Structures are given as structure tokens and as C-alpha cells.
Student: 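Right, I'll just put the structure down here and ask away after.
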Amino acid sequence: MLSVRHLLGIKYLLKEDIELILHTADNFLDVINRPIKKVPSLRDITVVNLFFENSTRTRLSFELAEKRLSADVINFSASSSSVSKGETLTDTVNNILAMKVDMVVMRHPKAGAAHFLAQHVNAKIINAGDGAHEHPTQALLDAFSIRRKLGTLEGVKVAIIGDILHSRVALSNIFCLKKMGAEVIVCGPPTLIPRDIESLGVRVETDLRKALQWCDVANMLRIQLERQEINYFPSLREYAHLFGLNKELLNSLNKEIVIMHPGPINRGVEITSEVADSPHSIILQQVENGVAVRMAALYLLANRPD
Ligand code: CP
């Protein structure tokens, strides 16, 4: 049984919780690769997907995971709701819960929004990304994808490369990988590396080639221009030159590394198309695995007694 009632962040999970989610996801990955991809596990459960911020992968992946588990699903997008008329978050959610909804999956631009909701409404909450804070299901699917590819997380060397400062994916990945025994380097322009990040047990490297020569897995992060209120580097061209992964650099390493990206990709900035679409890349496996991991998270939370 999970030690938590909500999935708000990897920070609050035990290693045993992560093991349980990944093990359950292994079973669900088998299910979604069968001719009949649906199981009745959440037949009496209603889930609302509340998205206050744009999403492609996470929103569709949760919706598919819920449908594969036979849950009833309702989707809410802030732009077409009464939020635009000034309704508060708690009022919005309590009105939805009054319709007998059991679980809430929420993406929100503000860090802490999922915690706030968990304290103020009576439903199980899954954080689908809150500002620059956490994106727990992304980190779980990333860990799951590494483990499926390399057989273990223990001792695996992972370089997380790019805009670490604004990335909820980076923070959740660091928590998850460290709990599971992996080694982690963060790499990017010094302006995009948070001060004191070493206190999380990671090493900082500002030379991309050195980070790539060290690692087994490179997780290339998107430059999050929408969260950058000032210029953190001179130009995208210079960023791509110093921190972008291209075929020449990859080939010059003389070793095999696994390439990951949470999406959406800025092709030609953090990663070229040749690399993103190469056999080294497991970017589309991450997306496939995301459905199984989200099925696992939904199933384990829904079946956990209060
Ligand atoms: N990886 C991820 O969170 O992608 P979306 O923003 O498309 O959901």
C-alpha cells in the first residue's frame, strides 16, 4: 500500500512507494499491449482532469490511463470555464466534487497548487505539474523507462541537461533517481542551475561533453522560455551551440548512451531531430510507458483506504 493519500510530489514518497508504482506499472504495460487493453479496476471511480495550463502528453496520458482502467472521466480546461469569471480554485473543485467525483488530476501554473487543493477539498489529488515545483508522474515514467531499458536504477549515471532552474521535471527526477540509488549530474548554463542544488545530492557540470562522457542516460530538458522573465543566455543559437545535443557530439563520445526528453521538444535547440529520432532515443517509449505508470498511480491511490 502507498504511504501517501495523494501524489503531490516525489519528495513525499518512500523508496518502497516508488518500487510499488514501478512494479504495478510493469503489469499495466503488459495490459496495454494486449489486444483487449482495458481492465475494470476503477469501474466505480470518477476522475476529473483539471488543466489550468497547456499540456499534450500528460493530459492525454492521464485520460487514456483512466479509460484503460474503466474510470468515468471528465475533463476541465480553465480557459473555457468559470475560472475566467473569477471563481476560486477551491470553489471550482468543490463544485466539481459535488457531482460525486472521487479523484482530481491537476496541472496548475503555481507551485504548491496541488498541496493547497489536498488541504482544502475531500478527494485524492494527483499533481500533474505545479509551476516550477514538481511533476511526479513524469519522474516516475522517466525512472520506469530507464529501468526497462537498462534493467536497474541502482548505480545508473543520469545527466539532466538544460534549464534546471525552471524545471519541475528536473526536481522530481532528482528526488526519484536519488531515492532509487542512481547517480545524478545536472548540466546547463550556470544561470540556469539553482544555487545550492548540490544539497539534493547531485553534482553540477557546466561542460556538456564532460557530462555526456560520464553518463549512461542523458535527459535533455526543454528550454522553458515561458517561465524566463529575464534573458538567462545570450541567444537560442548560442545555447544550442553549447548545450544542444547533435549527432556529431553523440558520435564523438565513442559509447552508447540513452537519450531521453520529457517533451515538448524544441527541435534544433536542446536536441536535433537526428538525435531525437535516432535509435539512442527512448522518447516515444517514455510516452508509451507514461500511460502504464499513470494507470499504476491512479489504481494504487484509488484502492488505498483513507
Ligand atoms: N512532459 C510533459 O509534461 O508534457 P506536456 O506539457 O505536453 O504534458
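Predicted model only: the values in this text are computed from it and were never measured. Every number for a ligand or one of its atoms is a count from 1 in the order of the listing.
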Student: Which ligand 1 atoms are under 4.0 Å away from a heavy-atom of Gly263?
Tutor: 1 (N), 2 (C), 4 (O)
Student: May I ask you to check if Arg107 and Phe51 form a cation-pi contact, with NZ or CZ under 6.0 angstrom from the six-membered ring centre and within 45° of the axis?
Tutor: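 Output no; distance or angle outside limits.
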Student: Closer than 4.0 Å to some heavy atom of Gln138 - which atoms of ligand 1 meet that?
Tutor: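 In order of number, 1 (N), 2 (C).
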Student: Below 4.0 angstrom from a heavy atom of Thr56, which ligand 1 atoms are there? Numbered from 1 as shown, please.
Tutor: 5 (P), 7 (O), 8 (O)
Student: Quick one: does Asn49's side chain get under 4.5 Å of Ile74's, heavy atoms only?
Tutor: no
Student: To check your reading of the model: name the closest protein heavy atom to atom 6 (O) of ligand 1, its residue, and the distance in Å.
Tutor: Arg107 NH1, 2.8 Å
Student: Is the distance between the ring centroids of Tyr299 and Phe28 under 6.0 Å?
Tutor: yes
Student: Does the ring center of Phe233 lie less than 6.0 Å from the ring center of Phe243?
Tutor: no
Student: Between Thr58 and ligand 1, does any nitrogen or oxygen pair lie at a separation below 3.5 Å?
Tutor: yes
Student: So which protein heavy atom does atom 1 (N) of ligand 1 come closest to, and at what separation?
Tutor: Pro262 O, 2.8 Å
Student: Can you say whether the rings of Tyr12 and His115 are parallel (under 30°), tilted (30 to 60°) or perpendicular (over 60°)?
Tutor: perpendicular
Student: Any idea which heavy atoms bring Gln138 and Arg294 closest together, and the distance?
Tutor: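 The pair with the smallest heavy-atom distance is N-NH2, 4.0 Å.
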Student: Tell me: protein heavy atom nearest atom 4 (O) of ligand 1, and distance?
Tutor: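 I find the closest protein heavy atom is Arg57 NE, 3.1 Å.
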